[in-house]
Amino acid sequence: MDIQFNYEYREGDLAQLALGELALFVLEHEGCPVNTEVSISFVDNERIAELNEEYRGIVGPTDVLSFECDGAEDDGGFSEINMEGDSVYELGDIVIAPDVAESQCAEYGNTFIQELSLLLTHGLLHLCGYDHMTDDEAEVMEAREKELLSEWFQVEFIR
């Protein structure tokens, strides 16, 4: 799997964190093809606000945005055709605003790394076919986030 990081903002704070390992952990646990490629960008509040307005019609910054490319099948799985071959399976792009993440730490009682890990996991799960448009979908997605993060941190993850 190819996980590409783009540090447009706060590289000094973020580059040494184990976010690449976490992304690989999530992608493997979701059964993504070995030829999966995903990009993860860290941007300032101004840039994520621009993207949020452009793609979601919402004014102001948000914490994470996901942009699906090849994406998962309708049933949430990945087809056999995507599991092999030399072609790249472009899962999509994730954009995270570390300043928003940092501001949410006190509200949710998380450390900065826990909050970033949640946002990264949340974004990856969107690319793997999860959503939270309905209460039922949200319940499933949040349960999967907690399951993955609890295993990753080897403690119960609460938000």
Side-chain angles (χ1 to χ4, degrees), residues 1 3-6 9 14 17-33 36-79 82 89-159:
M1 291 189 202
I3 302 164
Q4 301 173 2
F5 283 90
N6 178 13
Y9 183 66
L14 304 169
L17 301 176
L19 297 173
E21 292 84 350
L22 173 60
L24 182 59
F25 174 84
V26 171
L27 295 173
E28 287 176 346
H29 277 72
E30 288 303 306
C32 291
T36 294
E37 179 182 281
V38 64
S39 74
I40 301 159
S41 298
F42 298 96
V43 299
D44 62 20
N45 285 1
E46 181 180 331
R47 180 66 181 132
I48 205 155
E50 291 169 359
L51 293 170
N52 200 26
E53 186 168 6
E54 181 178 346
Y55 290 100
R56 296 177 63 220
I58 298 174
V59 175
T62 189
D63 49 11
V64 61
L65 294 170
S66 299
F67 300 96
E68 185 179 308
C69 291
D70 290 339
E73 301 294 315
D74 288 340
D75 63 0
F78 297 92
S79 68
N82 295 320
Y89 184 75
E90 294 180 17
L91 191 61
D93 305 310
I94 297 169
V95 182
I96 298 174
D99 288 349
V100 175
E102 194 166 50
S103 71
Q104 293 176 160
C105 290
E107 179 181 351
Y108 296 115
N110 290 331
T111 65
F112 184 56
I113 186 61
Q114 288 172 325
E115 193 64 22
L116 282 177
S117 298
L118 174 64
L119 297 177
L120 177 57
T121 301
H122 184 87
L124 289 168
L125 288 179
H126 270 304
L127 298 182
C128 291
Y130 291 81
D131 211 339
H132 48 81
M133 297 301 288
T134 68
D135 289 343
D136 288 343
E137 289 175 337
E139 189 175 304
V140 169
M141 186 172 185
E142 289 169 14
R144 187 62 177 149
E145 288 170 354
K146 287 180 182 179
E147 180 182 349
L148 289 165
L149 291 168
S150 292
E151 188 174 339
W152 176 253
F153 286 110
Q154 299 180 356
V155 297
E156 184 176 351
F157 191 87
I158 301 172
R159 178 159 187 205

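Note that the numbering runs from 1 along the sequence shown for the chain.
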Which value, rounded to the nearest 0.5 Å, describes the distance between [X] atom [atom1] and [Y] atom [atom2]?
| X | Y | atom1 | atom2 | answer |
| --- | --- | --- | --- | --- |
| Glu102 | Asn110 | CD | CG | 13.0 Å |
| Ile94 | Glu68 | CD1 | CD | 11.5 Å |
| Leu116 | Ile96 | CG | CD1 | 6.5 Å |
| Phe42 | Leu119 | CZ | CG | 9.5 Å |
| Glu53 | Ile48 | CD | CD1 | 13.5 Å |
| Glu142 | Leu118 | CD | CG | 9.5 Å |

For this session: Verify whether one side chain among Glu145 and Tyr130 offers a donor that lies under 3.5 Å from an acceptor in the other.
Result: no
Exercise. Using a distance-only test with no angle check, is there a side-chain donor-acceptor pair under 3.5 angstrom linking His29 and Glu151?
Worked result: yes
Atom of [X], atom of [Y] and distance for their closest heavy-atom approach:
| X | Y | value |
| --- | --- | --- |
| Gly123 | Val64 | CA-CG2, 4.4 Å |
| Ala97 | Asn45 | CB-OD1, 4.0 Å |
| Ile3 | Gly20 | CD1-O, 3.7 Å |
| Glu115 | Ala101 | CG-O, 3.4 Å |
| Ser66 | Leu127 | CB-CD2, 4.0 Å |

Is [Y] close to [X] at the side-chain level, that is, under 4.5 Å between some pair of heavy atoms?
| X | Y | value |
| --- | --- | --- |
| Phe112 | Leu14 | yes |
| Leu148 | Leu125 | yes |
| Gln4 | Glu37 | yes |
| Val95 | Arg47 | no |
| Leu19 | Ile113 | yes |
| Leu124 | Glu30 | no |
| Asp99 | Tyr9 | yes |
| Leu91 | Leu27 | yes |

Exercise. Taking atom CD of Glu50 as the centre, does the number of heavy atoms from other residues, nucleotides or ligands within less than 6.0 Å exceed 12?
Worked result: yes
Exercise. Does a sphere of radius 6.0 Å around CD in Glu137 hold more than 12 heavy atoms from other residues, nucleotides or ligands, not counting ones at 6.0 Å or beyond?
Worked result: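 Count over threshold, so yes.
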Exercise. Between Phe67 and Tyr55, how do the two ring planes meet: parallel, tilted or perpendicular, split at 30° and 60°?
Worked result: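 Correct class here is perpendicular.
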For this session: Starting from the C-alpha separation in whole Å, work towards a yes-or-no answer on side-chain contact (heavy atoms from CB on, under 4.5 Å) for Asp135 and Glu139.
Result: CA-CA 6 Å; Asp135 289 343; Glu139 189 175 304; over 6 Å; no
Exercise. If only atom types and distance count, is the side chain of Asp63 paired as donor or acceptor with the main-chain N or O of Val100 below 3.5 Å?
Worked result: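 No; judged by distance alone, with no hydrogens or angles, the pair does not exist.
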Problem set entry | Thr36 side chain to Pro33 backbone, donor-acceptor under 3.5 Å | yes
For this session: Give the C-alpha distance, both sets of side-chain angles, the deciding distance and a yes or no for side-chain contact (heavy atoms from CB on, under 4.5 Å) between Ser41 and Asp93.
Result: CA-CA 8 Å; Ser41 298; Asp93 305 310; over 6 Å; no
Problem set entry | Trace of the side-chain contact (heavy atoms from CB on, under 4.5 Å) decision for His126 with Asp131 | CA-CA 6 Å; His126 270 304; Asp131 211 339; 3.5 Å; yes
